[in-house]
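Worth knowing before you read on, the calculation uses all heavy atoms, side chains too, and leaves out hydrogens, waters and symmetry mates. Every chain is numbered from 1, with letters handed out A, B, ... down the list of sequences.
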Protein chains: 2
Amino acid sequence: MAEDRRGRAAGTEAAAEAPVADVRADEARLRGFRISGASVHAALANEIGQRIVRGDYPPGTTLPNEQKWSQTFDVSRSAVREAIKMLMAKNLLVSRPKVGSRVEPRDRWNLLDRDVLGWYASAPDRLKFLRTVQEFRYIIEPEATALAATRRSEEQMAEITQACTEMGTARFLSERTEADTRFHVAILRASGNELLVPLGVLIESTLDNLFGFITREVNDLKYAQELHEDIEKCIRLQRPEAARKAVRRLLANTDEIIGRAASR
Amino acid sequence: MAEDRRGRAAGTEAAAEAPVADVRADEARLRGFRISGASVHAALANEIGQRIVRGDYPPGTTLPNEQKWSQTFDVSRSAVREAIKMLMAKNLLVSRPKVGSRVEPRDRWNLLDRDVLGWYASAPDRLKFLRTVQEFRYIIEPEATALAATRRSEEQMAEITQACTEMGTARFLSERTEADTRFHVAILRASGNELLVPLGVLIESTLDNLFGFITREVNDLKYAQELHEDIEKCIRLQRPEAARKAVRRLLANTDEIIGRAASR
DNA sequence: ATTATCAGATTTGTCTGACAATATCTTGAC
DNA sequence: GTCAAGATATTGTCAGACAAATCTGATAAT
């Protein structure tokens, strides 16, 4: 039901023979994304972005040209172009006339972008990724929380407190994870430094990745909840130094969970 | 000259009369960007993005529709769409059929993106921006440098050293600033944590903004150079704690320069 | 009176086909 | 061998059409 679409441009001739199976698979993958509600260009950006981050097209190489993509996925060139523009906006590639779209060196990628981080997180070695994020959190979160302890407004405090209690009363793990994320992001917002807020994607990514690991021990959840409440209390009482330490304890706990997952 | 832009919700007919002059001005501005080498969609993304960050279209409001942009700037709808897709990729807006493109809340913006940061930096209050970035650097750079001191490879060390010496021998301020940026970014790379690298844009932004302030005192440059060399030495000798302190001294010096500029 | 359903209108989404601009590569002249 | 001019491939830009989604308001049913 999908193969009949291929009718359009059998192209010149060469590409038509060999990659038939591949093309089928590509289409299937794209359809798979599309039915998940996204538009064509979004699904394309997702697919191509994932391939780049995954390493299918290493930095410095040029991607297939627009017409090729358009044939491969049986979509219009406009859709391909819009997808590529999105990836350009994330610094994954640059494109110039006649030369095509070249993958940028990794250290230019906008790794702290939600999508890019998502593609990056789905890389083969998740544990390594998690450890990198955790190291980053060790740098950011204690200081951000200390700032929050001194600068938070009452509204911000209320958000933090609410997220914390909702973590405790959540009845599903998904619900709890959502509140957990909200808790940490609220702290970043309360830090009073706008530049810290975008780093919330890192926390989101960590917790989403961790999602598969936890659930096991009830005691773990209980202890983690205590650690969160400690942090909430430090911010409420405006104790920056204590807040720093409380956050470090929580991160250490998270590290431990990751470590246990790694040794399984 | 900003209040007349507010023609938006004038709705169906009112908007047609008044903004004739504006349209001219808009076109002129766009041409101005275009002759600076960029493509149409890039120039458009720049213009619209800047307007959003500047606050012309506050979060939650709906932008003019695609046809309106296309008329205003006398470009094709495709170009507008590609520009908007770029801004979507930076989380500045979301667009849905029939409802239009809505500006996202500020805390969803990808503030650590190079372009967004650039637009943000050109806001009315540069000093405030600089102070925010500096606070962020205080959090990140000492730790990143400490990590670099323990983990740097020989190649990475060479890069750092080279950038440092080139800072010293630079004959133009622009050259020096470039080497300065390269120095700090090399340290981030050497930290061994990939997530730190994208934060280089912050340093780049700071130094670019500072560009207008310095030059004055030769002694300042000399002292700053010493501070950089201290950092280089700490990394070379693998002294993380000393590196942390050296970076804090440099940041304090930068703060002082900013403070002096502020009081003028 | 409130809710449910449907028709119409508006805006983005997608496709198509054409031509322009640009950079690379090739060919030819010197 | 070097340099210049042209061929060529690829993105950039444009115009116009239709599809899909969703908001609005009107009408009908409970």
Does B:S39 make a side-chain N or O approach to OP1 or OP2 of D:dT11 shorter than 4.0 Å?
-> no
Does A:R102 or B:V99 map to a spot on DNA chain C nearer the 5' end, using the closest nucleotide for each?
-> B:V99
Any salt bridge (Lys or Arg N to Asp or Glu O under 4.0 Å) pairs touching residues 82-97 of chain B, not counting sequence neighbours?
-> A:R81-B:E82, B:K90-B:D113, B:K90-B:D115
Is it true that a side-chain atom of B:W109 and a backbone atom of B:E104 form a donor plus acceptor pair closer than 3.5 Å?
-> yes
Would you say a side-chain N or O of B:S95 is under 4.0 Å from OP1 or OP2 of C:dG13?
-> yes
Side chain to side chain donor-acceptor pair (under 3.5 Å): which pairs involve residues 201-211 of chain B, sequence neighbours left out?
-> B:R114-B:E204
Where do N or O atoms of nucleotides 4-9 of chain D meet protein N or O atoms at under 3.5 Å, pair by pair?
unit_1: D:dA9; atom_1: O4'; unit_2: A:K98; atom_2: NZ; d: 3.2

For B:N193, which residues count as a side chain to side chain donor-acceptor pair (under 3.5 Å) partner, sequence neighbours excluded?
-> A:E135
What pairs with A:W69 under side chain to side chain donor-acceptor pair (under 3.5 Å), at least two apart in sequence or on another chain?
-> none
In whole angstrom, give the distance that lies between atom CG of B:L63 and atom P of C:dT10.
-> 20 Å
To the nearest angstrom, how far is B:Q71 atom CD from D:dC14 atom P?
-> 14 Å
Sorted by chain and number, sequence neighbours left out, side chain to side chain donor-acceptor pair (under 3.5 Å) with A:R77 holds for A:E66
Can you check the A:L93 CG to D:dT11 P distance for me, whole Å?
-> 11 Å
What residues 77-88 of chain A contributes to the DNA chain C interface at heavy-atom separation below 4.0 Å is A:R77, A:S78, A:A79
Starting at atom NZ of B:K68, determine the distance to atom P of C:dT12, rounded to an integer number of angstrom.
-> 12 Å
What is the distance from CD of A:Q67 to P of D:dG12, rounded to the nearest Å?
-> 15 Å
Look only at the side chain of A:T62 and the backbone of A:R102, and say whether a donor-acceptor pair between them is shorter than 3.5 Å.
-> no
Ring pair (Phe, Tyr, Trp, His ring centres under 6.0 Å) pairs touching residues 181-206 of chain A, sequence neighbours excluded, are A:F183-A:H228, A:H184-A:H228
B:W69 CH2 to C:dT11 P: how many Å, rounded?
-> 15 Å
Residues in side chain to side chain donor-acceptor pair (under 3.5 Å) contact with A:T61, at least two apart in sequence or another chain = none
Are any of B:R96's side-chain N or O atoms less than 4.0 Å away from OP1 or OP2 of D:dC23?
-> yes
